[in-house]
Amino acid sequence: MAKNVKDLLAEANSSVPKLSPAEAAEKMKSGDVLVVDVRDPTEVQQIGKLKGALNVSRGMLEFRADPESQYHNPAFQKDKTILLHCASGGRSALAGKALQDMGYTAVFNIGGFKDLAEAGIDTEPA
């Protein structure tokens with residue numbers, strides 16, 4: 001039976017651990033994490049991003065994360081903790097599930113940009 005977006009989100013949310021903004025901030029303080037913003041570049045340009053975050057739009061994630069891809073970004077390492085966020089947490093959940101399917105093991109959904117910024121996590125212009 002075919003899946004719809006609700007099914008895909010439920011599957012992703014049950015597989016990818018969700019962190020609160022406070023938990024995300026703690027992990028970020030360790031310094032050994034890759035924070036990935038999967039919003040589209042136009043969204044990031046409008047309101048900025050978390051300080052030090054790598055913007056990889058959801059549509060390019062698998063290409064950037066795959067070491068065999070000509071578009072691979074070496075910031076993606078399978079032994080690194082990856083914290084994903086988007087505008088509200090949906091795309092980051094789907095992105096986390098895709099990374100898990102690709103062999104990444106320490107993947108977390110940290111939710112939406114606005115909630116993270118309001119919790120005091122530093123931001124910067126795009």
Side-chain angles (χ1 to χ4, degrees):
M1 184 171 174
K3 295 180 183 180
N4 61 27
V5 74
K6 185 178 175 183
D7 298 330
L8 293 170
L9 280 169
E11 186 179 316
N13 284 319
S14 70
S15 178
V16 180
K18 178 92 192 280
L19 299 181
S20 69
E23 292 167 323
E26 276 304 307
K27 283 217 182 273
M28 291 169 75
K29 283 180 189 171
S30 77
D32 191 30
V33 298
L34 174 62
V35 179
V36 181
D37 182 337
V38 297
R39 295 176 296 155
D40 291 336
T42 54
E43 293 174 273
V44 176
Q45 291 290 332
Q46 290 173 355
I47 58 175
K49 64 186 187 85
L50 297 182
K51 189 170 186 172
L54 175 66
N55 177 230
V56 176
S57 65
R58 175 64 192 96
M60 285 300 295
L61 182 71
E62 292 86 346
F63 296 98
R64 300 282 189 236
D66 183 353
E68 302 299 314
S69 168
Q70 66 178 339
Y71 303 107
H72 178 249
N73 183 322
F76 284 90
Q77 299 295 319
K78 292 189 178 176
D79 60 348
K80 195 168 199 83
T81 296
I82 299 179
L83 306 178
L84 297 152
H85 79 88
C86 59
S88 63
R91 285 174 286 179
S92 50
L94 295 171
K97 179 69 171 84
L99 289 177
Q100 287 177 338
D101 291 347
M102 294 177 76
Y104 288 82
T105 55
V107 178
F108 299 89
N109 179 0
I110 61 171
F113 175 79
K114 184 178 177 203
D115 292 337
L116 295 161
E118 286 177 357
I121 295 176
D122 289 339
T123 63
E124 63 187 7

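The residues of the chain are indexed from 1 along the displayed sequence.
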Which distance, rounded to the nearest 0.5 Å, do you find between the CG of D40 and the CD of Q46? 10.0 Å
Between E43 and A87 the two heavy atoms that sit nearest each other are OE2-CB, 4.0 Å
Shared hydrophobic cluster, F113 / L19 (ILVMFWY, side-chain heavy atoms < 4.5 Å): yes
What is the distance from atom CD1 of I121 to atom NZ of K29, rounded to the nearest 0.5 Å? 9.0 Å
Do the non-hydrogen side-chain atoms of L50 and I110 ever get within less than 4.5 Å of each other? yes
Atom of A95, atom of V38 and distance for their closest heavy-atom approach: CB-CG1, 4.0 Å
Could you grab the distance from atom OG of S57 to atom CZ of R91, nearest 0.5 Å is fine? 9.5 Å
Distance check, rounded to the nearest 0.5 Å: L83 atom CG versus L34 atom CG? 8.0 Å
Does NZ belonging to K51 count more than 12 external heavy atoms closer than 6.0 Å? no
Cluster overlap V44 with L54, hydrophobic side-chain contacts below 4.5 Å: no
If the condition is side chain to side chain donor-acceptor pair (under 3.5 Å), which residues does S69 pass it with, not counting sequence neighbours? none
Can you name the closest pair of heavy atoms from D7 and A2 and give their distance? OD2-O, 4.2 Å
Any side-chain heavy atom of I47 sitting closer than 4.5 Å to one from R39? yes
Going by heavy atoms in the side chains, are L84 and L99 under 4.5 Å from each other? yes
Return the minimal non-hydrogen interatomic distance between K27 and S30, and the atom names on each side. O-OG, 2.7 Å
Check whether any side-chain heavy atom of L61 lies under 4.5 Å from a side-chain heavy atom of F76, and answer yes or no. yes
If you compare all heavy atoms of L116 against all heavy atoms of A24, which two are closest, and at what distance to 0.1 Å? CD2-CB, 4.2 Å
Test: side-chain hydrogen bond (donor to acceptor under 3.5 Å, both in side chains). Region: residues 112-126. Which pairs qualify, not counting sequence neighbours? K49-E124
Is a side-chain N or O of D66 found less than 3.5 angstrom from the main chain of E68, in a donor-acceptor match? yes
Can you tell me if K97 uses its side chain to pair, donor with acceptor, with the backbone of L9 under 3.5 Å? no
Note, D32 side chain near K80 side chain (heavy atom, < 4.5 Å): yes
Between the OG1 atom in T81 and the OH atom in Y104, the distance rounded to the nearest 0.5 Å is 12.5 Å
Which atom pair, heavy atoms only, marks the closest approach of V16 to A93? CG2-O, 3.8 Å
Check whether any side-chain heavy atom of S15 lies under 4.5 Å from a side-chain heavy atom of Q100, and answer yes or no. yes
The criterion is salt bridge (charged side-chain N to carboxylate O under 4.0 Å, His left out); which residues satisfy it with K18, sequence neighbours excluded? none
Any non-hydrogen side-chain atom of F108 less than 4.5 Å from a side-chain atom of V33? no
Taking the side chain as every heavy atom from C-beta outward, state whether D37 and H85 have any pair of such atoms under 4.5 Å apart. yes
